[in-house]
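Since the structure comes first, as C-alpha coordinates, the remarks are kept for the end.
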Amino acid sequence: MSATYPKAAPSFQSRIGRDARSGFPAVPHRYRLHLTPSCPSSLRIAVTHSLLGLRDVLPVTLLPAVPDASDGGYLALRPLYEASSHLYPGPALAPVLSDGWTGRIVSTHAPDIVQDLTRRFGASGPRLYPEGADARIEEVGRLCEQGINAAAQRAGQYGADAAARGVALAALLRGLGVLERRLASADYLLGERLTAADVQVWVTLVQLDTVHRWHLDAAAVYRITDHPRLWSYARRLAAHPAFGPHLDLDGIARRHHAHCRGQEAAGAAVRIVDWTRCAPSTDTDADADAGADADADAGADAATGTGSGAAVKTIGS
(Lines give C-alpha, C1' and ligand atoms only; values in the text may rest on other atoms or scores of the structure.)
Protein backbone atom coordinates (compact mmCIF):
# COMPACT_ATOMS: atom_id res chain seq x y z
CA MET A 1 0.00 0.00 0.00
CA SER A 2 1.21 3.50 -0.78
CA ALA A 3 1.08 4.71 2.80
CA THR A 4 -0.44 3.81 6.13
CA TYR A 5 -2.06 6.60 8.10
CA PRO A 6 -3.50 6.43 11.63
CA LYS A 7 -7.29 6.36 11.76
CA ALA A 8 -9.49 8.25 14.21
CA ALA A 9 -11.85 5.95 16.11
CA PRO A 10 -14.55 6.63 16.92
CA SER A 11 -15.30 9.43 14.47
CA PHE A 12 -17.18 12.47 15.76
CA GLN A 13 -20.13 13.09 13.43
CA SER A 14 -22.43 15.73 14.84
CA ARG A 15 -23.90 18.20 12.37
CA ILE A 16 -24.45 21.94 12.15
CA GLY A 17 -28.20 22.48 12.18
CA ARG A 18 -30.62 25.14 11.04
CA ASP A 19 -31.51 26.39 14.53
CA ALA A 20 -30.85 26.00 18.26
CA ARG A 21 -32.84 22.75 18.43
CA SER A 22 -30.01 20.99 16.61
CA GLY A 23 -27.56 21.59 19.45
CA PHE A 24 -25.08 23.11 17.00
CA PRO A 25 -26.88 25.99 15.23
CA ALA A 26 -25.16 27.90 12.44
CA VAL A 27 -23.77 30.83 14.43
CA PRO A 28 -20.96 32.90 12.86
CA HIS A 29 -17.67 32.92 14.81
CA ARG A 30 -18.78 30.06 17.08
CA TYR A 31 -16.93 27.27 15.27
CA ARG A 32 -13.34 26.69 14.16
CA LEU A 33 -11.67 24.42 11.62
CA HIS A 34 -8.39 22.69 12.45
CA LEU A 35 -6.72 21.63 9.20
CA THR A 36 -3.47 20.46 7.67
CA PRO A 37 -3.61 20.85 3.87
CA SER A 38 -1.06 18.03 3.48
CA CYS A 39 -3.99 15.73 4.32
CA PRO A 40 -6.49 15.25 1.44
CA SER A 41 -9.55 15.55 3.69
CA SER A 42 -8.26 18.83 5.11
CA LEU A 43 -7.36 20.08 1.63
CA ARG A 44 -10.92 19.39 0.46
CA ILE A 45 -12.32 21.39 3.39
CA ALA A 46 -9.81 24.23 2.93
CA VAL A 47 -10.74 24.66 -0.75
CA THR A 48 -14.45 24.63 0.12
CA HIS A 49 -13.90 27.20 2.88
CA SER A 50 -12.15 29.53 0.42
CA LEU A 51 -14.71 29.05 -2.35
CA LEU A 52 -17.46 30.05 0.07
CA GLY A 53 -15.53 33.07 1.39
CA LEU A 54 -15.84 32.02 5.05
CA ARG A 55 -12.61 33.55 6.34
CA ASP A 56 -14.45 36.09 8.51
CA VAL A 57 -17.25 33.71 9.55
CA LEU A 58 -15.47 30.53 10.52
CA PRO A 59 -11.75 30.81 11.38
CA VAL A 60 -9.15 28.18 10.53
CA THR A 61 -6.22 26.91 12.57
CA LEU A 62 -3.50 25.35 10.42
CA LEU A 63 -1.47 22.50 11.86
CA PRO A 64 1.96 21.18 10.84
CA ALA A 65 2.13 18.99 7.76
CA VAL A 66 3.42 16.03 9.78
CA PRO A 67 1.67 15.10 13.06
CA ASP A 68 3.85 15.78 16.09
CA ALA A 69 2.53 13.30 18.68
CA SER A 70 4.09 9.87 19.16
CA ASP A 71 0.80 8.12 18.28
CA GLY A 72 0.56 9.85 14.90
CA GLY A 73 -1.81 12.59 16.04
CA TYR A 74 -1.49 16.27 16.93
CA LEU A 75 -0.58 17.50 20.39
CA ALA A 76 -2.55 20.70 19.77
CA LEU A 77 -5.74 18.71 19.18
CA ARG A 78 -5.41 16.35 22.16
CA PRO A 79 -7.28 18.65 24.61
CA LEU A 80 -10.22 18.90 22.17
CA TYR A 81 -10.40 15.13 21.73
CA GLU A 82 -10.21 14.44 25.45
CA ALA A 83 -12.82 17.11 26.23
CA SER A 84 -15.12 15.47 23.68
CA SER A 85 -14.49 11.84 24.70
CA HIS A 86 -13.08 11.05 28.15
CA LEU A 87 -9.76 9.21 27.91
CA TYR A 88 -10.02 9.20 24.12
CA PRO A 89 -7.88 6.22 23.05
CA GLY A 90 -6.84 7.10 19.49
CA PRO A 91 -4.63 9.72 17.85
CA ALA A 92 -5.92 13.30 17.72
CA LEU A 93 -6.18 13.78 13.97
CA ALA A 94 -7.21 16.58 11.61
CA PRO A 95 -9.56 17.63 10.16
CA VAL A 96 -11.62 18.83 13.10
CA LEU A 97 -14.61 21.17 13.29
CA SER A 98 -14.73 22.40 16.89
CA ASP A 99 -17.27 24.39 18.90
CA GLY A 100 -15.77 27.39 20.67
CA TRP A 101 -18.69 27.68 23.08
CA THR A 102 -18.37 24.18 24.54
CA GLY A 103 -14.71 23.49 23.77
CA ARG A 104 -15.67 20.20 22.12
CA ILE A 105 -15.51 18.58 18.71
CA VAL A 106 -18.52 18.83 16.43
CA SER A 107 -17.19 16.59 13.66
CA THR A 108 -14.10 14.95 12.23
CA HIS A 109 -15.98 13.63 9.19
CA ALA A 110 -14.88 15.58 6.11
CA PRO A 111 -17.95 14.90 3.90
CA ASP A 112 -20.31 16.19 6.62
CA ILE A 113 -18.11 19.20 7.32
CA VAL A 114 -18.05 20.17 3.63
CA GLN A 115 -21.84 19.89 3.39
CA ASP A 116 -22.40 21.89 6.58
CA LEU A 117 -20.06 24.67 5.48
CA THR A 118 -21.94 24.90 2.20
CA ARG A 119 -25.51 24.59 3.44
CA ARG A 120 -25.30 26.38 6.79
CA PHE A 121 -22.71 29.10 6.17
CA GLY A 122 -22.33 29.42 2.41
CA ALA A 123 -25.57 31.12 1.40
CA SER A 124 -23.74 33.97 -0.33
CA GLY A 125 -21.18 31.74 -2.06
CA PRO A 126 -21.36 29.41 -5.07
CA ARG A 127 -23.93 26.62 -4.98
CA LEU A 128 -21.60 23.69 -4.45
CA TYR A 129 -24.60 21.43 -3.82
CA PRO A 130 -27.15 22.49 -6.45
CA GLU A 131 -30.72 21.41 -5.95
CA GLY A 132 -31.23 17.81 -7.05
CA ALA A 133 -27.51 17.12 -7.47
CA ASP A 134 -26.79 15.24 -4.23
CA ALA A 135 -27.00 11.77 -5.76
CA ARG A 136 -24.65 12.69 -8.61
CA ILE A 137 -22.16 14.29 -6.21
CA GLU A 138 -22.22 11.16 -4.04
CA GLU A 139 -21.67 9.02 -7.14
CA VAL A 140 -18.57 11.03 -8.03
CA GLY A 141 -17.40 10.72 -4.42
CA ARG A 142 -17.66 6.93 -4.55
CA LEU A 143 -15.74 6.91 -7.82
CA CYS A 144 -12.98 8.99 -6.22
CA GLU A 145 -12.71 6.80 -3.14
CA GLN A 146 -13.16 3.35 -4.66
CA GLY A 147 -12.33 3.71 -8.34
CA ILE A 148 -9.31 5.97 -7.97
CA ASN A 149 -7.86 6.21 -4.45
CA ALA A 150 -8.37 2.60 -3.40
CA ALA A 151 -7.49 1.25 -6.85
CA ALA A 152 -4.30 3.35 -6.97
CA GLN A 153 -3.24 2.05 -3.57
CA ARG A 154 -3.77 -1.55 -4.66
CA ALA A 155 -1.97 -0.93 -7.96
CA GLY A 156 1.08 0.29 -6.05
CA GLN A 157 0.89 -2.18 -3.16
CA TYR A 158 4.31 -3.42 -2.16
CA GLY A 159 4.61 -7.20 -2.29
CA ALA A 160 1.39 -7.79 -4.25
CA ASP A 161 1.62 -10.09 -7.24
CA ALA A 162 1.69 -8.62 -10.74
CA ALA A 163 -1.77 -9.92 -11.63
CA ALA A 164 -3.43 -8.23 -8.66
CA ARG A 165 -1.64 -4.98 -9.39
CA GLY A 166 -2.70 -5.21 -13.03
CA VAL A 167 -6.36 -5.67 -12.06
CA ALA A 168 -6.15 -2.65 -9.76
CA LEU A 169 -4.50 -0.54 -12.44
CA ALA A 170 -7.26 -1.47 -14.89
CA ALA A 171 -9.86 -0.35 -12.33
CA LEU A 172 -7.98 2.92 -11.81
CA LEU A 173 -7.85 3.61 -15.55
CA ARG A 174 -11.57 2.88 -15.87
CA GLY A 175 -12.30 5.41 -13.14
CA LEU A 176 -10.17 8.05 -14.81
CA GLY A 177 -11.85 7.24 -18.12
CA VAL A 178 -15.27 7.94 -16.63
CA LEU A 179 -14.11 11.40 -15.55
CA GLU A 180 -12.41 12.02 -18.90
CA ARG A 181 -15.65 11.31 -20.77
CA ARG A 182 -17.68 13.56 -18.47
CA LEU A 183 -15.38 16.46 -19.29
CA ALA A 184 -15.78 15.95 -23.04
CA SER A 185 -19.00 17.96 -23.08
CA ALA A 186 -18.74 20.29 -20.08
CA ASP A 187 -16.22 22.40 -18.19
CA TYR A 188 -17.02 20.72 -14.87
CA LEU A 189 -18.11 17.27 -13.71
CA LEU A 190 -21.81 18.09 -13.38
CA GLY A 191 -22.10 20.69 -16.13
CA GLU A 192 -21.06 24.28 -16.58
CA ARG A 193 -20.80 25.25 -12.92
CA LEU A 194 -18.27 24.20 -10.31
CA THR A 195 -19.72 21.97 -7.56
CA ALA A 196 -18.54 19.95 -4.56
CA ALA A 197 -17.86 17.08 -6.96
CA ASP A 198 -15.13 19.11 -8.65
CA VAL A 199 -13.48 19.89 -5.34
CA GLN A 200 -13.31 16.21 -4.41
CA VAL A 201 -12.06 15.13 -7.85
CA TRP A 202 -9.34 17.79 -7.84
CA VAL A 203 -8.10 16.70 -4.41
CA THR A 204 -8.16 13.08 -5.62
CA LEU A 205 -6.06 13.97 -8.67
CA VAL A 206 -3.56 15.85 -6.49
CA GLN A 207 -3.28 12.76 -4.29
CA LEU A 208 -2.85 10.50 -7.30
CA ASP A 209 0.02 12.60 -8.69
CA THR A 210 1.78 13.58 -5.45
CA VAL A 211 1.40 10.33 -3.47
CA HIS A 212 0.18 7.23 -5.34
CA ARG A 213 2.37 7.87 -8.39
CA TRP A 214 5.48 7.19 -6.31
CA HIS A 215 4.55 3.50 -6.05
CA LEU A 216 3.58 2.83 -9.66
CA ASP A 217 5.86 1.81 -12.49
CA ALA A 218 6.60 4.30 -15.25
CA ALA A 219 4.41 2.52 -17.82
CA ALA A 220 1.41 2.75 -15.48
CA VAL A 221 1.96 6.47 -14.90
CA TYR A 222 2.18 7.14 -18.65
CA ARG A 223 -1.19 5.39 -19.06
CA ILE A 224 -2.60 7.57 -16.28
CA THR A 225 -1.40 10.70 -18.07
CA ASP A 226 -3.30 9.62 -21.20
CA HIS A 227 -6.43 11.51 -20.07
CA PRO A 228 -5.72 14.99 -21.48
CA ARG A 229 -9.06 16.62 -20.64
CA LEU A 230 -8.87 15.44 -17.04
CA TRP A 231 -5.36 16.70 -16.37
CA SER A 232 -6.05 19.97 -18.20
CA TYR A 233 -9.06 20.38 -15.90
CA ALA A 234 -6.82 19.67 -12.87
CA ARG A 235 -4.38 22.36 -13.99
CA ARG A 236 -7.22 24.82 -14.63
CA LEU A 237 -8.59 24.33 -11.11
CA ALA A 238 -5.10 24.62 -9.62
CA ALA A 239 -4.94 28.11 -11.15
CA HIS A 240 -8.13 29.11 -9.28
CA PRO A 241 -7.36 31.28 -6.20
CA ALA A 242 -9.47 29.02 -3.97
CA PHE A 243 -7.58 25.86 -5.01
CA GLY A 244 -3.91 26.20 -5.87
CA PRO A 245 -2.76 28.42 -2.97
CA HIS A 246 -3.72 25.68 -0.50
CA LEU A 247 -1.32 23.19 -2.06
CA ASP A 248 1.59 22.39 0.22
CA LEU A 249 3.63 20.10 -2.02
CA ASP A 250 6.54 19.90 0.38
CA GLY A 251 4.19 19.12 3.25
CA ILE A 252 2.41 16.42 1.25
CA ALA A 253 5.77 14.81 0.43
CA ARG A 254 6.97 14.92 4.04
CA ARG A 255 3.68 13.55 5.36
CA HIS A 256 3.71 10.75 2.80
CA HIS A 257 7.29 9.70 3.47
CA ALA A 258 6.67 9.82 7.23
CA HIS A 259 3.89 7.22 6.89
CA CYS A 260 4.94 5.32 3.78
CA ARG A 261 5.31 1.55 4.14
CA GLY A 262 5.76 0.80 0.44
CA GLN A 263 8.64 0.91 -1.98
CA GLU A 264 9.38 3.73 -4.39
CA ALA A 265 8.93 2.72 -8.03
CA ALA A 266 9.97 4.16 -11.39
CA GLY A 267 6.75 6.18 -11.64
CA ALA A 268 8.18 8.53 -9.01
CA ALA A 269 10.26 10.09 -11.78
CA VAL A 270 7.29 10.74 -14.10
CA ARG A 271 5.57 13.92 -12.87
CA ILE A 272 2.07 14.32 -14.26
CA VAL A 273 1.38 17.99 -13.40
CA ASP A 274 3.76 20.79 -12.49
CA TRP A 275 1.52 22.07 -9.72
CA THR A 276 3.85 24.93 -8.80
CA ARG A 277 3.46 26.46 -12.26
CA CYS A 278 -0.34 26.09 -12.21
CA ALA A 279 -1.06 27.59 -8.81
CA PRO A 280 -1.61 31.37 -8.69
CA SER A 281 0.53 33.59 -6.51
CA THR A 282 -0.82 33.44 -2.99
CA ASP A 283 -1.22 37.22 -2.90
CA THR A 284 -4.30 36.76 -5.13
CA ASP A 285 -6.22 35.47 -2.13
CA ALA A 286 -5.62 36.68 1.40
CA ASP A 287 -7.14 33.55 2.90
CA ALA A 288 -4.92 31.24 0.89
CA ASP A 289 -1.91 33.53 1.45
CA ALA A 290 -2.20 33.18 5.19
CA GLY A 291 -2.69 29.45 4.79
CA ALA A 292 0.42 28.97 2.69
CA ASP A 293 2.60 31.01 5.03
CA ALA A 294 1.21 29.29 8.11
CA ASP A 295 1.70 25.81 6.75
CA ALA A 296 5.25 26.63 5.69
CA ASP A 297 6.07 27.89 9.19
CA ALA A 298 4.39 24.94 10.87
CA GLY A 299 6.03 22.51 8.49
CA ALA A 300 9.45 23.94 9.26
CA ASP A 301 8.80 23.45 12.97
CA ALA A 302 7.74 19.88 12.40
CA ALA A 303 10.79 19.18 10.25
CA THR A 304 13.17 20.50 12.89
CA GLY A 305 11.41 18.73 15.72
CA THR A 306 10.22 21.94 17.40
CA GLY A 307 6.55 21.44 16.56
CA SER A 308 5.13 20.57 19.96
CA GLY A 309 1.52 21.49 19.33
CA ALA A 310 2.24 25.22 19.41
CA ALA A 311 3.25 25.29 15.75
CA VAL A 312 -0.17 26.36 14.56
CA LYS A 313 -1.45 29.46 12.78
CA THR A 314 -4.90 31.01 12.75
CA ILE A 315 -6.76 32.43 9.77
CA GLY A 316 -9.78 34.64 10.35
CA SER A 317 -11.26 36.14 13.48
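Since the model is a prediction, treat every value here as computed from it, not as a measurement.
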Could you give the distance from [atom1] ([X]) to [atom2] ([Y]), rounded to the nearest 0.5 Å?
{"X": "Asp198", "Y": "His240", "atom1": "CG", "atom2": "NE2", "answer": "10.5 Å"}
{"X": "Asp274", "Y": "Arg235", "atom1": "CG", "atom2": "CZ", "answer": "10.0 Å"}
{"X": "Ile272", "Y": "His212", "atom1": "CD1", "atom2": "NE2", "answer": "11.0 Å"}
{"X": "Leu249", "Y": "Trp275", "atom1": "CG", "atom2": "CH2", "answer": "8.5 Å"}
{"X": "Ser107", "Y": "Ile113", "atom1": "OG", "atom2": "CD1", "answer": "4.0 Å"}
{"X": "Thr48", "Y": "His246", "atom1": "OG1", "atom2": "NE2", "answer": "9.0 Å"}

With no hydrogens and no angle check, is any side-chain donor or acceptor of [X] less than 3.5 Å from a backbone partner on [Y]?
{"X": "His29", "Y": "Asp56", "value": "yes"}
{"X": "Ser84", "Y": "Arg104", "value": "no"}
{"X": "Asp112", "Y": "Arg15", "value": "no"}
{"X": "Tyr88", "Y": "Leu80", "value": "no"}
{"X": "Glu82", "Y": "Leu87", "value": "no"}
{"X": "Ser232", "Y": "Arg229", "value": "no"}
{"X": "His49", "Y": "Leu58", "value": "yes"}
{"X": "Ser42", "Y": "Leu35", "value": "no"}

Trace of the side-chain hydrogen bond (donor to acceptor under 3.5 Å, both in side chains) decision for Trp231 with Asp209:
CA-CA 10 Å; Trp231 292 108; Asp209 188 23; over 6 Å; no
Applying a strict under-4.5 Å side-chain criterion to I, L, V, M, F, W and Y, I'd like to know whether Ile148 and Tyr222 cluster together.
yes
Would you kindly confirm whether Val27 and Val96 end up in one hydrophobic cluster when ILVMFWY residues are joined by side chain heavy atoms under 4.5 Å apart?
no
Within a strict 4.5 Å, meaning less than it, do heavy atoms of the [X] and [Y] side chains meet?
{"X": "Pro111", "Y": "Arg44", "value": "yes"}
{"X": "Phe121", "Y": "Leu52", "value": "no"}
{"X": "Ile224", "Y": "Leu208", "value": "yes"}
{"X": "Arg213", "Y": "Thr210", "value": "no"}
{"X": "Arg223", "Y": "Leu172", "value": "no"}
{"X": "Phe24", "Y": "Trp101", "value": "no"}
{"X": "Val201", "Y": "Cys144", "value": "yes"}
{"X": "Val140", "Y": "Gln200", "value": "no"}

Report the C-alpha separation of Leu97 and Ile45 in whole Å, then their side-chain angles, then the decisive distance to 0.1 Å, and conclude whether the side-chain contact (heavy atoms from CB on, under 4.5 Å) test is met.
CA-CA 10 Å; Leu97 175 65; Ile45 294 169; over 6 Å; no
All ring pair (Phe, Tyr, Trp, His ring centres under 6.0 Å) counterparts of His227, not counting sequence neighbours
none
Mind checking what makes ring pair (Phe, Tyr, Trp, His ring centres under 6.0 Å) contact with Tyr31, not counting sequence neighbours?
none
Does the structure place the NZ or CZ of Arg236 under 6.0 Å from the centre of the six-membered ring of Tyr188, at an angle of no more than 45° from the ring's axis?
yes
Please say whether the positively charged group of Arg119, taken as NZ for Lys or CZ for Arg, lies over the ring of Tyr129, i.e. under 6.0 angstrom from the six-membered ring centre and within 45 degrees of the axis.
yes
Could you verify whether a donor N or O on one side chain and an acceptor N or O on the other, from [X] and [Y], lie under 3.5 Å apart?
{"X": "Thr61", "Y": "Arg32", "result": "yes"}
{"X": "Asp116", "Y": "Thr118", "result": "no"}
{"X": "Asp187", "Y": "Tyr233", "result": "no"}

Does a sphere of radius 6.0 Å around CZ in Arg30 hold more than 12 heavy atoms from other residues, nucleotides or ligands, not counting ones at 6.0 Å or beyond?
yes
Could you give me the CA-CA distance, side-chain angles and deciding distance for Thr195 and Leu189, then say whether side-chain contact (heavy atoms from CB on, under 4.5 Å) is met?
CA-CA 8 Å; Thr195 69; Leu189 269 300; 5.6 Å; no
Residue list, side-chain hydrogen bond (donor to acceptor under 3.5 Å, both in side chains) with Gln146, at least two apart or on another chain
none
Looking only at heavy atoms, which two atoms of Thr36 and Ala65 are closest? And how far apart?
OG1-CA, 3.5 Å
So among Val199, Val114, Leu237, which one has a side chain to side chain contact (heavy atoms under 4.5 Å, CB included) with Val47?
Val199
NZ/NE/NH1/NH2 to OD/OE distance under 4.0 Å, Asp161 and Arg165
no
Could you walk me through whether His215 and His256 pass ring-ring contact (aromatic ring centres under 6.0 Å, His included), step by step?
CA-CA 11 Å; His215 302 279; His256 172 59; 5.1 Å; yes
